[in-house]
Amino acid sequence: MGFFSKFRKKSPWILHYNTGGCNGCDIEILATLAPKYDIERFGALNRGNPKQADILLVTGPVTKNCRDVLRRLYLEMPEPKVVVAMGACGHGGGVFRHLYNVENGVDNIIPVDVWIPGCAPNPRALIDGIVEAINIWEKKSKDKEYMKNHSKDMIKNLGVNDD
Amino acid sequence: MINPNVEIFQSTLETIVEDIKKWYDYKKYHYVTINGVDEGGKLRIDYIFSDYNEKNKMYVFRITDIDFDTLIPSIASVIPSSWMAEWELRDMFDIEVENTQKGIFIKDPNIVAPLRKDK
Amino acid sequence: MVKMFIESFKNLFSKPETVKYPFEPFPEPEGFRGTILYDEELCIFCDRCENVCPPGAILFEIVDVENNKREYNYNPYLCIYCGACVDVCPKADEGCLTQVNTRIKPLGNEVVKNKKLGYLINKIENPKEVEKAWRELEIRAKESREKYAEFKKQQRLKKRAQAQKAKETKTDDN
Amino acid sequence: MISAIITIFAPIFGGFVYGIERIVRARMQSRMGPPLFQPFYDFFKLMDKRAIMIHSFHALMGIMYFIAEWFALAVLLLGNDLLIAVFFHVIAVLALVIGASSVRSSYSVLGALRELMHMISYEPMMVLMVVSFYLVVGSFDIKDVLHYSGYPILHLPLVFFAFLLTIPMLLQKSPFDIAEAHQEIVGGPEIEYSGPFYEALYTGKWIEYIYVFTFVFLFGGSHYWLGAILVIFSFLFVNLLDNSSARLDFRRMVKFAWAVLIPLAALNVILLALI
Amino acid sequence: MGNKIVVPFGSQHIALPEPVSFLFDTKNEIITDVRVDVGYVHRGIEKAAITKFEFTNVAYLLTRICGFCSITHAGGYHHGIEKLLDVEAPKRAEYIRLIITELDRIHSHMLANAHVAEVAGYENLFMQGVKDREIVMDLLENITGNRIQYDIYTIGGVRRDISKETAEYIKKQLNKLKDKVLKVYDFYDTDYTFGLKTKGISYISYDDAKKYNVVGPIARASGLATDARAEFDYLPYDELGFEVQTRTEGDVWARNIVRQMEVVHSIDLILRAIDNLPEGDIKVKYKGRPKGETFVRVEAPRGECFYYLKGNGTKVLERVRVRVPTYSNIPILKELFVGEKYSDAQPIVLSFDPCMSCTAR
Ligand code: SF4
Ligand code: SF4
Ligand code: SF4
Ligand code: SF4
Ligand code: SF4
Ligand code: SF4
Ligand code: SF4
Ligand code: SF4
C-alpha cells in the first residue's frame, strides 16, 4: 500500500462541520472555495459526506448540543483521517471559553491534529492549515498508526454508544 | 446618539393577553420580542413592539414582580410568531409558560435557568 | 442562461482569478491584526492586558511570590486577535505590547518558538499539549494569585503588628 | 484492434476525460482548477482508505455497477449490437438503484428513486437513437455504422440535438444532475459507499463518459474527423450548459424528455422512415 | 414512490454551513410536515455578557455571536451603551461606522445570494457571485485588519481612522465593483433556469409578512418596507439619502433581487459617505458606568437586530438581550415548507439566509 499512500497527498476531501462558532470561519471556508483562493488546486473537494472524507474541518468551540453529532461524524469517517480545528474557538473555545454550554475546544471531544490560529483565520491561514494537515495525514498513513488505534477502547473513550 | 421614544404600559399577568389583543394591530405594529429580566428574585417580563410608521417609537407592555413559580400566559393566540420567545423564556428562567416545551436551546439537564441570579 | 453560456465561454479563454498562494507569497496587508509581541524589559506589570483579554489568552503567573516576580504567558492559538490588550497597555507606545501584521503558523507538527511570545509557548515541545498546558496554567495562575494575595495579607498584618508594637513601645516610653 | 485497446483502458481514458473536464469547468468559473491527473490521485487515495461496508449486498451492487458499465462499453466497442449495449447500460444503472435502495439512509433511497426517473427519461431516447441508426445504416452493428460512407448526422440532425440534451441526464450534469444533487441529497446513490467501494462508482462514471461519447462519435459515420469534431463540440456544449443552468426538478426532467426530446427524435425517425 | 420518507436535513449537511436540523416528512418528494431544531449553537452568550465580561470588552464577545453581522452586533451594543453612558460619538466616527456597516452588508448579501445559487445547483453563478466579493473582503481587511471580525467600534467612537489614500482606494475599488455587481444582478434577474428554480417558490404575501413579523430582505421582498435604517436613528443614513428597497413578488427569487438591489444601493451610500466624510476626531473619552435601560434597533444584513441593555451602575451589565433577525423569521419559515417539493427546501432555507449562531446565541 506504500505506493498508494504517495497519492493521498494530492486528494484531500474535506468534510466541514460547524460546532457553534460564529460563522466567521465558515465564511472563510466558502471564500477558499471561491475563485480567488480555489482550494481545488490541491485536489480538495468539499464532499459533505463523512464516509468519503479525509479531513474533518471543525469550526467552533463545540457546544454541548453539537457534541454528539461531532463524535458521530468523526467515527463515520474511514481511516486514515485528519482533524483540523479552525479558529480560536477550536482551541480551548476562544472567546467562548468557560461559557456554560461550551466544551472548550474540539480537543476535548475528538483528537485534533492541526489547529489554525486566528479569529477568523483568513483564507491564506486556512490554506496553510490544510497543507499542514496533508503532511500529517501522509505521515499517519505511513505509520499505519490508525490500524492499532482503532480499537474498541478508543470508541469507549469517546463515549459513544453504537448506534 | 440614539434616541428611542419608548412608551411603557404596565400590565398584569391576568390581563396581559387581553391588553395586547385590544391594542395590537398587526398592520401598524411590529412585534419585536419578549424579554425577561431577573430583578433580584422577581421576574419582570417585557413585551416589546415597534411602529412601522413612526420613527424611533417603541412600545413596551411590562409585567413586574412575577414569582418564578407562576404560570405565564401565552400570547401566541394573538401573535403567532411569539412561540419562540416563549419557549426561550422557559429555558432561560426555568418558569412555566403556557403551551411550551423545554429544550429549544438548553438540552443538557444539568444546566438550569442560566439567566436567574439565584441558580 | 444564454448570457451565462457566453460568459462561461469567455471565462474559459481568459486568465483565471486565482492567486497562487502558497506557491507565491501573499503578504498580509498593512494594519492586519496579527500576532501580539511582548517585551518584558518594558513591562510594568500593571495586569491591564490580562484583565481586558476577552478569551483570557494572556496570563501572568506569579512565579516568585515574595519578590512579586511575574511571568507573561500568551497563547496565540486562543487569542482572538482583537488588539484590546495593545489598546489598554500603558507602555504600548514604547513597544511593550505590539500587534504586528504577520500571522502565526498553524499548530500541527511543531510549536512556534519566539521569546516575544511569552514563557509558556517556548516551554512546550509537543503541539498536542498546548491546550492541556494552558488549562493547567490557568489553574496555576489563579493559585499563584491567591498565594500572592495571602502573602500580601500576611505582610500587611505583620506590618500592622509591627506598627502596633512600635506604637506600644512608644507609649511605654512615655 | 483500436476498439479493443479503448475498451481495456477505458477507465484510464475516462479518467483523462474527467480530468480535462474538471479543468475546463474550473476555467469556466474563472478558477485555476485541479491538475490533469487529479482523478487518478483520487483513485489511488480511495484505494488506500479503510474499507467500510454497510452490508455485503450493497457493496456487491456497487461493484456490479462498475462491471456492467464496463461490459456495456465492451459490447458497444467490440462490434456487437448497439441495442445490447444499451440494455447492459440499463442493467448497470439498475444495479446501482438496487444497491442504493437496500440501505437505510433516506438520501440514498431518494437518490435511487431519482435515478429511476433518469432512466425513464433517457433510455427511450437511447433506444430511439439506436433505431434511427438502424434506419440510416440498415444494421444494428457498430462496425457497419463506422463503415457507413454517408454522414449520419445529416440524416439525423434532430436525433443528434435531442441526444445532446440527453447527455446531461446520462452524465449527471446540471440542469439534470438530479440523482446526484449534492446540495440536496449529498450524492444520492453513492452516499453510503466509501473507500474502495466508492471507487467502483467513481470509476464507473469515467467509463460512462467513454460510453456516451462513443455514441456521439458514431454520428460521424466513417468520417472519423467529423466524429472527433462532434465529440469535442458536444463535450464543450455539455460543460457550458452545466455551468450555465440551475438544477431542475425531476418532474420537469421527465416532462422535458417526453414532451420535447423524444418527439423530436421520433419526428426525425418518422421522416426517415417516410423518405 | 408514494411512501412516506423522512428526510433529515442537517445538522451536518453540505448545503448548510451551520448546524440546524430540519426533519422533513415527504411523500413523492412533497413535504408534508417539518420539525425544526435550532438549538445546536446555543453557547450562553447572554449569560456570559452579564457575568464574565465587563461592559468595556463585552463587545468582543457580542461581535462573535456571528461572523456575518459582527459589525451589527457591535453597533447594537455600542449605540446602547453610549446612550447609557451619555456620550456621543463624533461625526467622523459615525461615518466610518456607517461605511464599515455597509461594506459588511455588501459582502454578506453577495455571499447569501451566491449561496442560494449554489444550492439551486448553479455552481457557476455561485462562483461569479463570490468572485467579486473578494474585492470587498480586501477592503475590509485593509481598513480594519481582519476580514470577518472588524472590532472597529469602541465606546465613544472607532478604533481606526480612514486615511485620505484609503478613502481614494475604497472609491476606486467600489466603482470597479459596481459594474461587476450589476453584471451578476443581471444574471439573477434574467437567468431562465435560475428563475425556474426560484420563481414562485415559498410565496409570502404582504399580509402574512406583517402577521408573522417578518423582517429584513425577506419582508422587503414581499413589499413590506420595514428597515431599521429608516425606522430608527442610529447612524446618519438620512443625511446620505437612504431609501428602502422593496419588491412585491415575495418568493425566493425576489429575495435575491432585493438583496442585490441593496448591494447596489449600499455601494452608492458608501461612495456618498466617503465624499462627505467630515473632519475631526474619531473618538471621545467617556466617564462613569452604565446606568438605566435602553432599547436599540439596528439593521443587520438579514433584517432588524434588537438590543436591550440594562446597567446598574457597576462594571458589569445587568441584562443584555439580543433579538436577531433569523429569530423572528423562523416561525414563518416553518410554515412555508408544507406543500413544497423537497428539492426546493434548500433554496427556501438559504433564501432566508438563516444564521443559527445568533438565533440560539
Ligand atoms: S461559523 Fe459560527 S457563527 Fe457562523 S454560522 Fe457557523 S456557527 Fe454560526
Ligand atoms: S474562531 Fe472567531 S471567527 Fe472563527 S468561529 Fe470562532 S469566534 Fe468565529
Ligand atoms: S485596569 Fe484599572 S481598574 Fe482594571 S484592574 Fe487595572 S487598575 Fe484596576
Ligand atoms: S489580541 Fe485580544 S485576545 Fe489576543 S491577547 Fe490581546 S486582548 Fe487577548
Ligand atoms: S498592559 Fe502592558 S505594561 Fe501592563 S502588564 Fe500588560 S504588557 Fe505589561
Ligand atoms: S456547501 Fe460546502 S461550502 Fe457551502 S456551506 Fe456547505 S459545506 Fe460550506
Ligand atoms: S445562509 Fe449565510 S450564514 Fe447561513 S450558511 Fe449560508 S452563507 Fe452561511
Ligand atoms: S442575523 Fe444571521 S448573520 Fe446576523 S448575527 Fe445573526 S446569525 Fe449572524
Side-chain angles (χ1 to χ4, degrees), chain C residues 1-21 26-37 47-58 76 78-90 92 97-104 138 142, chain E residues 48-49 52-54 56-64 70 74 117 122-125 127-128 130-132 134-135 137-152 154 159-163 165-166 169 180 183-184 186-197 283 315:
Chain C
M1 191 173 170
V2 179
K3 275 182 196 148
M4 191 55 114
F5 204 89
I6 297 162
E7 176 79 17
S8 305
F9 195 71
K10 265 196 237 152
N11 284 343
L12 183 59
F13 296 105
S14 51
K15 210 167 146 264
E17 303 247 333
T18 315
V19 295
K20 298 210 171 58
Y21 187 83
F26 191 120
E28 313 301 328
E30 212 178 303
F32 176 78
R33 297 206 312 270
T35 321
I36 305 288
L37 297 182
D47 279 3
R48 286 194 201 189
C49 50
E50 179 179 355
N51 289 334
V52 82
C53 182
I58 294 177
L78 187 59
C79 175
I80 58 170
Y81 300 96
C82 58
C85 48
V86 181
D87 281 3
V88 297
C89 179
L97 270 191
T98 38
Q99 185 157 32
V100 294
N101 67 344
T102 48
R103 274 185 291 114
I104 198 154
E138 263 179 353
K142 201 161 157 237
Chain E
K52 210 173 152 245
F53 291 84
E54 288 170 14
T56 44
N57 60 352
V58 62
Y60 297 114
L61 173 72
L62 291 175
T63 58
R64 280 160 184 85
S70 56
Y122 204 152
E123 204 184 327
N124 200 8
L125 192 51
M127 292 295 176
Q128 301 305 321
V130 288
K131 185 174 82 182
D132 310 329
E134 288 299 324
I135 296 175
M137 299 310 275
D138 286 347
L139 280 181
L140 283 166
E141 196 171 21
N142 271 316
I143 303 169
T144 68
N146 194 306
R147 288 161 53 104
I148 304 291
Q149 298 292 354
Y150 317 119
D151 291 330
I152 195 158
T154 186
R159 288 170 65 187
R160 288 191 183 197
D161 202 356
I162 293 181
S163 68
E165 300 85 67
T166 322
Y169 179 64
K180 301 192 173 193
K183 194 160 124 196
V184 177
D186 196 35
F187 289 142
Y188 289 124
D189 197 3
T190 57
D191 197 275
Y192 174 68
T193 48
F194 186 68
L196 280 184
K197 186 80 182 175
K283 179 153 49 168
K315 271 198 279 186

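Because the structure is a prediction, the values reported are computed rather than measured. Lettering follows sequence order; numbering is per chain, from 1.
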>> I'd like to know which of T56(E), V58(E), D186(E), I143(E) tops the heavy-atom pair count under 4.5 Å against chain C.
In response: D186(E)

>> Can a donor-acceptor pair be found, under 3.5 Å and without considering hydrogens, that links the side chain of N57(E) to the backbone of V52(C)?
In response: yes

> If you measure from CD on E141(E) to CZ on R33(C), what distance do you get to the nearest 0.5 Å?
Replying inline: 10.0 Å

> If every non-hydrogen atom of P54(C) is compared with every non-hydrogen atom of F53(E), which pair is closest and at what distance?
Replying inline: O-CE2, 3.3 Å

>> Quick check on E134(E) against chain C: is it the side chain, the backbone, both or neither that has a heavy atom closer than 4.5 Å?
In response: neither

> Relative to chain E, which segment of D87(C) carries a heavy atom at a distance below 4.5 Å: side chain, backbone, both, or neither?
Replying inline: side chain

> What's the shortest heavy-atom distance between G145(E) and F32(C), and which atoms?
Replying inline: O-CD1, 3.4 Å

> At their closest point, which heavy atom of C82(C) faces which heavy atom of R64(E), and how far apart are they?
Replying inline: CB-NH2, 4.5 Å

> Highest number of heavy-atom pairs under 4.5 Å with chain C: which of N142(E), L61(E), L125(E), N124(E)?
Replying inline: N124(E)

> Given that the side chain runs from C-beta out, which part of R147(E) has a heavy atom under 4.5 Å from chain C: side chain, backbone, both or neither?
Replying inline: neither

